[in-house]
Colleague: 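This structure is in structure tokens; I'll ask about it shortly.
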Amino acid sequence: MRSATRLEADAPKTRVARIAASKHFVPVVLFAACLGVYVANGDFLPGNDQVGNMLFSVNLLKRHTLAISPPVAPEAFFWTIEKPGTEPVSTDVDEWTESVDADYREGRLAARSHFYYVSPTMFPDVYVNTFGIGAPLAGLPVYAVLDLFVDIANDRFWWWHGAALTASLLTATAAVFVFLAARGFVPPVPAVLITLAFGLGSCAWPVSSQALWQHPASTFFLSLAAWLLLRSESRPLAAAWCGAAFGMAVLCRPTTAVAVVCAGAYLLWVDRRRCAAFVLGGLPFLAFLTGYNYHYFGHPFAFGQSVVASGIALSKTGSADLWQSSWSESLPGLLISPARGLIWFSPVLVLGFAGTAAVWRNPRYRPFIPLQLGAAAMILVAGKWFDWWGGLTWGYRSIIDASPFLALLLVPIEERIVASRPLRVVCGLPLAWSIAAQFIGAYSYSLMGWSDLWRHYDKPEQASLWRWDRPQIGYHLVNFRSERARKKKVMTIYLNYQGPIVNLPGSDQDSSR
């Protein structure tokens, strides 16, 4: 009887042990932990860069089209109205009523210009998302579920928070793929540390996971592609899926194409069959992207972002050249400046450079070569962009897409670090610093506050980049409570905008294609 009782008492422990030993246990825990951290602040990151992705995701869900006309989303346009005998004057259009529609049809009401997150096309009064189709597609599943419970075309609370939830889900899943990729080379503990370096120690936490930019979808697919690339040697079909994942990354953020080239060149070097599968996997996405661009912009390699950004570059710099920045200025800025430097915001990722030699010398780590080259290429491309500093943002937003690759470059040195107590202490400090820095950003950064300190300068967005007396992390640490309150206030402003997100009653009036 005692033996039977003991067996019954031990049964739950045995089940727990089996679950803990399962290969799915650690990835599930990491996903839940990262997701929990990302949503714990209850915030979304306000701003307009993400509005285009959010708008066109809901537009695709509710109107089943990739484009809009001004009546569909009047909030995205600047309007003028002309009364008899008077000059046109600016006006706000919150809702598309019958009287507003009559003024528009009779030419009295006109959309004189538009916000930068919508891009004009070859067709009159037809606009598409400046930031492409990838991120809106990524937001579609979450918005579809939310639309079962709320009217997502009119509910601004869930429009914003649904976007933040989408971003958190994508970033947490990206962390899982980083773990799986690392786990193929190192034991569980080093793989978990590498995952935390990406998931909590990079700007993926305070930036990517907080809003539906291009970045969360891009890093999701890049992390998936990295995992598939690293396992493709033993599973040839994985190369085709890897090409598809890279293809989706390019749909989300076209500049990641340089990483695709690095991966393809590596596969061509080591295994032409895998390279062929890789290319075949990515071709459908290339066909879709070039077809989309040709239809709306008249050229397969014209993008909404390049169309709109040329005007922005002209107004900011006096030149419409999008790739005008000098690496002698941008690379130090992205790596060591107190406002954007990778070394200050995520010093743990900088440790990956210590494994550079091992990647090239040790055949075991040779599959990491395309990740190393891809990360370097993405940083170089970001450094040529006309506003390489990323505008008003927290940390190194313009190179966040490289962060999963940078985290995985820790693999060649992580086992050595875990095995050595002195190295654990020395390398644990950068990880702790990185996580603390991202915590500060996730809870206290908004569009205002620190950024407002520089508005009286000739070039306010650049004035703060090299000010060592007021670094971004230090300012937000000292003013954490007040900046946290300011962020909540800015969120409230965005939530209180009036009018529908997408004007469904006018969907039969517009000329979008």
Side-chain angles (χ1 to χ4, degrees), residues 48-83 88-137 139-140 143-144 147 151-156 159 163 212 251 288-289 291-299 302-312 497-513:
N48 284 330
D49 276 12
Q50 45 285 52
V51 169
N53 297 327
M54 297 160 56
L55 169 63
F56 281 87
S57 190
V58 171
N59 181 64
L60 188 58
L61 173 68
K62 303 296 286 185
R63 299 181 60 253
H64 317 297
T65 178
L66 299 173
I68 63 168
S69 65
V72 172
E75 188 181 297
F77 298 86
F78 299 98
W79 297 88
T80 59
I81 190 164
E82 182 179 0
K83 297 297 183 181
V89 295
S90 297
T91 186
D92 293 326
V93 178
D94 295 325
E95 258 184 293
W96 203 258
T97 61
E98 289 185 9
S99 61
V100 169
D101 184 61
D103 286 337
Y104 179 72
R105 287 179 176 275
E106 293 170 16
R108 294 187 295 272
L109 181 70
R112 61 179 172 84
S113 61
H114 53 86
F115 275 94
Y116 66 89
Y117 54 79
V118 295
S119 173
T121 68
M122 294 174 59
F123 306 104
D125 278 347
V126 177
Y127 296 80
V128 295
N129 183 21
T130 295
F131 302 105
I133 190 59
L137 286 173
L140 202 57
Y143 279 139
D147 197 47
D151 180 8
I152 200 62
N154 289 280
D155 193 316
R156 289 188 180 269
W159 187 50
L212 191 59
L251 281 184
F288 177 83
L289 180 62
Y292 173 89
N293 289 340
Y294 183 80
H295 176 70
Y296 285 114
F297 304 112
H299 192 282
F303 297 88
Q305 198 161 356
S306 59
V307 170
V308 172
S310 294
I312 297 175
Y497 284 153
Q498 300 299 312
I501 296 153
V502 174
N503 183 33
L504 296 179
S507 61
D508 60 342
Q509 302 164 1
D510 73 275
S511 57
S512 58
R513 302 189 184 192

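Residue numbers start at 1 and run along the sequence shown.
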Colleague: Checking the side chain of Asn59 only, and the main-chain atoms of Leu66 only, is there a donor and an acceptor separated by less than 3.5 Å?
Modeller: no

Colleague: Mark yes or no for whether Asn129, through its side chain, and Phe56, through its backbone, hold a donor-acceptor pair below 3.5 Å.
Modeller: no

Colleague: Is there a side-chain contact between Tyr292 and Val128 in this structure, where contact means two heavy atoms from C-beta onward sitting under 4.5 Å apart?
Modeller: yes

Colleague: Going through the distances and angles, do Trp159 and Val58 end up as a side-chain contact (heavy atoms from CB on, under 4.5 Å)?
Modeller: CA-CA 8 Å; Trp159 187 50; Val58 171; 3.6 Å; yes

Colleague: Return each pair, listed once, that meets salt bridge (Lys or Arg N to Asp or Glu O under 4.0 Å) where at least one residue sits in residues 126-136; pairs must be two or more places apart or across chains.
Modeller: none

Colleague: Over all heavy atoms of both residues, which pair between Thr91 and Thr80 is shortest? Give the atoms and the distance, please.
Modeller: CG2-C, 4.1 Å

Colleague: For the residue pair Tyr127 and His114, what are the closest heavy atoms and their distance?
Modeller: CE2-CD2, 3.7 Å

Colleague: Is there side-chain contact between Lys62 and Ile152, with heavy atoms separated by less than 4.5 Å?
Modeller: yes

Colleague: If I take atom CZ from residue Phe77 and atom CD1 from residue Ile68, how far apart are they, to the nearest 0.5 angstrom?
Modeller: 4.5 Å

Colleague: Which atom names give the shortest non-hydrogen contact between Gln498 and Arg156, and what distance separates them?
Modeller: O-NH2, 3.6 Å

Colleague: Quick one: does Tyr116's side chain have a donor or acceptor within less than 3.5 Å of a partner on Gln305's backbone?
Modeller: no

Colleague: Please test Tyr104 against Asp125 for side-chain contact (heavy atoms from CB on, under 4.5 Å), starting from the C-alpha separation and ending with a verdict.
Modeller: CA-CA 12 Å; Tyr104 179 72; Asp125 278 347; 2.9 Å; yes

Colleague: Would you call the rings of Phe123 and His295 parallel, tilted or perpendicular, where under 30° means parallel and over 60° means perpendicular?
Modeller: tilted

Colleague: Is a donor on one side and an acceptor on the other found under 3.5 Å between the side chain of Thr130 and the backbone of Tyr117?
Modeller: yes

Colleague: Give, for atom CD of Glu95 and atom CG of Asn154, the distance between the pair rounded to the nearest 0.5 Å.
Modeller: 8.0 Å

Colleague: Please work out which of the three classes, parallel, tilted or perpendicular, describes the rings of Trp79 and Trp96, given edges at 30° and 60°.
Modeller: tilted

Colleague: Using 0.5 Å steps for rounding, measure from the CG atom of Leu55 to the CZ atom of Phe131.
Modeller: 12.0 Å

Colleague: Please report the interatomic distance CG(Asp101) to CG(Leu109), rounded to the nearest 0.5 Å.
Modeller: 9.5 Å

Colleague: For Leu212 and Gly139, work out which heavy atoms get closest and say how close.
Modeller: CD2-CA, 4.1 Å

Colleague: Give a yes or no on whether the backbone of Ala302 and the side-chain of Asn293 come within a donor-acceptor separation of less than 3.5 Å.
Modeller: yes

Colleague: Measuring from Asn503:CG to Asp94:CG, what's the distance to the nearest 0.5 Å?
Modeller: 11.5 Å

Colleague: How long is the straight-line distance from CG of Asn48 back to CE of Met54, given to the nearest 0.5 Å?
Modeller: 10.0 Å

Colleague: A quick test of your reading: do over 12 heavy atoms of other residues, nucleotides or ligands sit less than 6.0 Å from CZ of Phe288?
Modeller: yes

Colleague: Just wondering, do Leu60 and Pro136 contact through their side chains at under 4.5 Å, heavy atoms?
Modeller: no

Colleague: List in chain and number order the residues that pass ring pair (Phe, Tyr, Trp, His ring centres under 6.0 Å) with Phe297, two or more places apart in sequence or in another chain; answer none if no residue qualifies.
Modeller: none

Colleague: What heavy-atom pair brings His64 and Leu61 nearest, and what distance separates the two atoms?
Modeller: CE1-O, 3.1 Å

Colleague: Can you name the residues that form a salt bridge (charged side-chain N to carboxylate O under 4.0 Å, His left out) with Arg108, not counting sequence neighbours?
Modeller: Asp103, Glu106

